[in-house]
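Okay, so here's the structure we're looking at.
Only heavy atoms go into these numbers, but all of them, side chains included; no hydrogens, no water, no symmetry mates.
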Amino acid sequence: MSVVLQFGRWLLIIGLVLGYAFLAHYTNTATGPKTAGLGLLVALTPIMLVALSMAWHARRRAAMLALFCLACVGLFAAWGSLRQHFGLIYWLEHAGSQLILALAFARTLRAGREPMCSYFARMVHGALVPAMEHYTRQLTAAWVVFFGTMAAVSTLLFVVAPIQAWSLFANFFTGPLICTMFVAEYAVRRRLLPNIDHAHILDGIKAFWKQPAR
């Protein structure tokens, strides 16, 4: 039964992700006042969910929840103006999230810090041998380049390309490109470190997924 529930949960997650992607693409490419209102609602939903989660898990929960409610009131008051520029919110979410990830990985490459990928690898493998430590440092730098490139491409497409092209990239190419990065990394790791006990690709994804605070 647990396998069935887990399978059903993954189907639900995939369905929600695809549903959001199609809805975001539709509101980005359609026109009209009703579509603009729906587009703003869809664009704000991820931001508000993240903000609510952060407020709920904050040390000063009551104060942060009050601040969240105040922000909701402000958004409601500015709804008319924001509705005319909801496309900017989509772009800020996509390019901003990629840039934040790039900076988060980059800051762990400073002297005296544990590289992000070394941390993830240690969560999966335990203590790391020197070769693995060197590899995971390089891998962290590769993720910095990847996320930085994604942010740059998103911005370039948003500025110079038709909105349809940007929306396709943001909503339907980002996920597959990240998955491709995981698969390519796994293949490179098996080639460069043949004597290391290699965890499954999903183990790396789970470690990445379960440590958002890091």
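- Although no hydrogens or angles enter the test, the distance criterion places no donor-acceptor pair under 3.5 Å between the side chain of Ser118 and the main chain of Glu114.
- The two residues Ala165 and Leu157 make their nearest non-hydrogen contact at O-CD1, 4.4 Å.
- For residues 156-172, the side-chain hydrogen bond (donor to acceptor under 3.5 Å, both in side chains) pairs, not counting sequence neighbours, are His25-Ser167, Ser154-Trp166, Ser167-Asn171.
- Note: Leu41 CG to Leu75 CG = 11.0 Å, rounded to the nearest 0.5 Å.
- In this structure, CZ in Arg60 is found 14.0 Å from CG in Leu65, a value given to the nearest 0.5 Å.
- Of the residues Leu103, Leu109, Leu101, the one that meets the side chain to side chain contact (heavy atoms under 4.5 Å, CB included) test with Val144 is Leu109.
- To the nearest 0.5 Å, atom OG1 of residue Thr29 and atom CD1 of residue Ile163 are 9.0 Å apart.
- For the atom pair Trp143 CH2 and Thr136 OG1, the distance stands at 14.0 Å (nearest 0.5 Å).
- Looking at heavy atoms from C-beta onward, Phe172 lies out of side-chain contact with Leu18 at the 4.5 angstrom threshold.
- Not less than 6.0 angstrom separates the ring centroid of Phe146 from the ring centroid of Phe105.
- Not a single donor-acceptor pair under 3.5 Å links the side chain of Arg107 to the backbone N or O of Ala104.
- For Phe68, the CZ atom counts as densely surrounded, since its 6.0 Å shell holds more than 12 non-hydrogen atoms of other residues, nucleotides or ligands.
- Salt-bridge annotation for Glu133 and Arg137: absent, with no side-chain N of the basic residue lying under 4.0 Å from a carboxylate O of the acidic one.
- Scanning for side chain to side chain contact (heavy atoms under 4.5 Å, CB included) contacts around Arg59 gives an empty result, with sequence neighbours left out.
- The shortest side-chain heavy-atom distance between Tyr135 and Glu185 falls under the 4.5 Å cut-off.
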Trace of the side chain to side chain contact (heavy atoms under 4.5 Å, CB included) decision for Leu99 with Phe147: CA-CA 6 Å; Leu99 183 59; Phe147 288 126; over 6 Å; no
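- To the nearest 0.5 Å, atom NE2 of residue His134 and atom CG of residue Leu128 are 13.5 Å apart.
- Closest non-hydrogen pair, Met132 versus Ala121, comes out as CE-CB, 4.4 Å.
- Side-chain contact check for Tyr119 versus Thr108: every heavy-atom pair is 4.5 Å or farther apart.
- Two rings, from Phe169 and His94, have their centers less than 6.0 Å apart.
- Interatomic distance, CE of Met150 versus CZ of Phe173, reported as 10.5 Å (0.5 Å rounding).
- When atom types are taken as modelled, the side chain of Arg122 and the backbone of Ala127 share no donor-acceptor pair closer than 3.5 angstrom.
- Considering every non-hydrogen atom in both Phe158 and Leu88, the closest pair reads CE2-CD2, 3.7 Å.
- Under a cut-off of 6.0 angstrom, the local environment of OH in Tyr20 is crowded, with over 12 non-hydrogen atoms contributed by other residues, nucleotides or ligands.
- Atom CH2 of Trp56 has 12 or fewer heavy atoms from other residues, nucleotides or ligands within 6.0 Å.
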